2 protein chains.
Amino acid sequence: MAEKVTSLQVAQLAGVSQSAVSRVFTPGASVSKKTEDKVRKAATQLGYRPNVLARAMVSGKSRIIGLVVGYLDNYFYPEALEKLSNALQEQGYHVLIFMASRSAGNIDDVMEEILDYQVDGVILASVPMSSDIAMRCQQAGVPVVLFNRSQDMDGITTVTSDNYAGGRKVAEFLVAGGHRQIAYIAGWQGASTQRDREAGFRAALGEAGQDLFRHDVGEFHTEDARAAARRVFDVAPDDRPDAVFVANDHMAFAVMDVIRFELGLRIPEDVSVVGYDDVPPAGWPAYNLTTIRQRANLMVAETVAALFEHIDTPATAKPRKVAIDGPLVVRTSARLPKGWTPQRTNT
Amino acid sequence: MAEKVTSLQVAQLAGVSQSAVSRVFTPGASVSKKTEDKVRKAATQLGYRPNVLARAMVSGKSRIIGLVVGYLDNYFYPEALEKLSNALQEQGYHVLIFMASRSAGNIDDVMEEILDYQVDGVILASVPMSSDIAMRCQQAGVPVVLFNRSQDMDGITTVTSDNYAGGRKVAEFLVAGGHRQIAYIAGWQGASTQRDREAGFRAALGEAGQDLFRHDVGEFHTEDARAAARRVFDVAPDDRPDAVFVANDHMAFAVMDVIRFELGLRIPEDVSVVGYDDVPPAGWPAYNLTTIRQRANLMVAETVAALFEHIDTPATAKPRKVAIDGPLVVRTSARLPKGWTPQRTNT
DNA sequence: ATGAAAGCGCTAACAA
DNA sequence: TTGTTAGCGCTTTCAT
């Protein structure tokens, strides 16, 4: 079992000073080709690799990014997590995960813990009380960016899709499709994503001269969404909405299941359904859900860029609110306005 | 912005030595009640928290567990990741994520990186070449456990569901259901999970006097599974299997979609489909997939327990292969043998 | 029970 | 370009 190899051992084998070894492994340090060769040879021979923790102690940079995530039920998050982690890895950073959800009682504890690791930055994804936590980080001098949550509070960088515009697009699409009794099933009201989607949706509906026909809340949870769907659709035919915008795909699947399999209604003939996120199952033929795409790649790229900006140039980096436009992906869960055609399935 | 507070500052404020402060924050050290009170008071006042990295340097324990994961497409992994992270957090450990998949070209690089962080242990989940990597860890003196992968190689602790037994159960269920032309759609052959499921399935089929009617490979990927489904089912009715066991749920959804929506066949009247994993969408009414449940909670508990055993008592901990039995969850995607009833949906 | 002192493995001035 | 030196913040003997 290969024991720990230190830079000192490498130095001795190579016949140079310990600092010479350090320099070889420090990008941008000045070492002669000859020394470098000797050191690399010795290092390889011994299987030496610099100790990240020791380096972090003295340099103050751990190359660790804390990622706080509430839950992974919504399949948008596994995707985002994977991309985030990959993007960070490419920059030589790594992700320390903190589940802020269930068991982990106190979110404050989680924050303490995360700061104990001297992380270089923090990404908050789908976390309740994001703003409080974000402030704590700021105060501790740790750069933060909120992923898929925005906050009124200034001074915090946030990256989201353009939820307001997305909500508008859905309303316009549904109105163009000839719907006149349009319902909305909301997510958790504490989430800015939910509020913005609803606001955009209502605004565009209003401009088209329509009011929301029905409103209910699914809290972003499957079971709550199911219950909401029953309240909204298990009614006399005349009271039934002819279309529903569900605040995210995760809930939309549950809503579709209730509509089709419990109530025996047809989609989209009896009811049009539109979701938000475009997670993979939305493209599965069993759902074929028309939905707003959240462009995870772009959101991740912006998040990482903003975070590094704050890390590298804390003085000049200013907080910004990035909202990335997402297209409406037209499939078959909602009636098509004239002239529209659905996208090919499973792209 | 609160600057870093050191134990020395706390010591000075409390009027004690720096070591006293250290002892207060070291479980099981000997400090008088009086000293402890003074220190805690000063610590709270200053907002002091021990620096995990510095502690790791001297103690040699980072309280970081490296989690290497190949991909998160299969929705079993987000669930496992969440539970794993929670379980570890409860023990005061945290998870450093390494995506071993796509972009990250060389898996060896990933391993180097992970060891650079002086992790106390490594969990490998769904990683190609697991055994090589695991050996590398062992050699570096870092405890490893393979999650949801097993290896012939001795000396490595692995935790899986009992894939062989699971495969058997499916075969027995399908045979009891009166099927006589039973197909199998395999996952990636490099995965022990795939091999064991297939082996168990074939064995029980053989004991019932049946041969596999058709065999194809879906590689655990949606698109490959779809293609396999077409090859297997888009044939003359007599050549068509009357049942198929798909190596995991993720592929089973794709297979069901092809069978129902491309080929217009009915499930389970024309074809019975059984999967493996029991991920959440399996319980969604649009699929209602009969499948073997992987008990994530148990698997996680065993994984964490085994890992800590190796960390805490490296001398006496011996490698073991844990295989956790998983029940067949009977839903409606496969014809019921006499006397069987489907479980309630969405449990 | 407590303090002093010696590092953990490394980077970053500072000289040379 | 290179070696020497001084720590980073903490735990852990070793005395007291």
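A note on names: the letters A, B, ... follow the listed sequences, proteins ahead of strands, and every chain is numbered from 1. Since we're looking at a predicted model, the values are computed, not measured.
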Under the 3.5 angstrom rule, does the side chain of A/S17 hit a backbone N or O of A/A20 as a donor-acceptor pair?
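A pair under 3.5 Å: yes.
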Do you know which of A/R55, A/R63, A/R49 makes salt bridge (charged side-chain N to carboxylate O under 4.0 Å, His left out) with B/D116?
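When A/R55, A/R63, A/R49 are each tested with B/D116, the salt bridge (charged side-chain N to carboxylate O under 4.0 Å, His left out) holds only for A/R49.
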When you look at NZ of A/K41, are more than 12 heavy atoms from neighbouring residues, nucleotides or ligands closer to it than 6.0 Å?
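Result for NZ/A/K41: open.
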Apply ring pair (Phe, Tyr, Trp, His ring centres under 6.0 Å) to B/F220 and list each qualifying residue two or more places apart in sequence or on a separate chain.
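Testing B/F220 for ring pair (Phe, Tyr, Trp, His ring centres under 6.0 Å), a comparison that skips the adjacent residues, returns none.
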With sequence neighbours left out, what residues match B/F98 under ring pair (Phe, Tyr, Trp, His ring centres under 6.0 Å)?
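If we apply the ring pair (Phe, Tyr, Trp, His ring centres under 6.0 Å) test to B/F98, skipping adjacent residues, the hits are A/H94.
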Which residue pairs satisfy the salt bridge (charged side-chain N to carboxylate O under 4.0 Å, His left out) criterion with at least one member in residues 137-150 of chain B, sequence neighbours excluded?
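Residue pairs passing salt bridge (charged side-chain N to carboxylate O under 4.0 Å, His left out), neighbours aside: none found.
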Classify the angle between the aromatic ring planes of B/Y93 and B/F308 as parallel (below 30°), tilted (30 to 60°) or perpendicular (above 60°).
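Answer is tilted, since the angle falls between 30° and 60°.
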Once base and sugar-phosphate atoms are separated, protein heavy atoms under 4.0 Å mark nucleotides 9-16 of chain D, 5' to 3', with B, S and - as BBBBB---
Which nucleotide of DNA chain C is the first, and which the last, in the 5' to 3' direction, to come under 4.0 Å of a heavy atom belonging to chain B?
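Range of nucleotides touched by chain B: C/dA1 to C/dG9.
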Could you tell me whether B/E309 and B/R320 have a side-chain N and a carboxylate O separated by less than 4.0 Å?
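Answer for the salt bridge query: yes.
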Answer yes or no for B/R40 and B/F25: cation-pi contact, defined as NZ/CZ to six-membered ring centre under 6.0 Å and angle to ring axis within 45°.
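Positive - B/R40 is close enough to the ring of B/F25 and near enough to its axis.
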Which of residues 31-39 of chain B have a heavy atom under 4.0 Å from DNA chain C?
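When residues 31-39 of chain B is checked for heavy atoms under 4.0 Å from DNA chain C, the hits, listed by number, are B/V31, B/S32, B/T35.
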Which heavy-atom pair separates A/S150 from A/S192 by the least distance, and what is that distance?
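That closest heavy-atom pairing would be N-OG, 2.7 Å.
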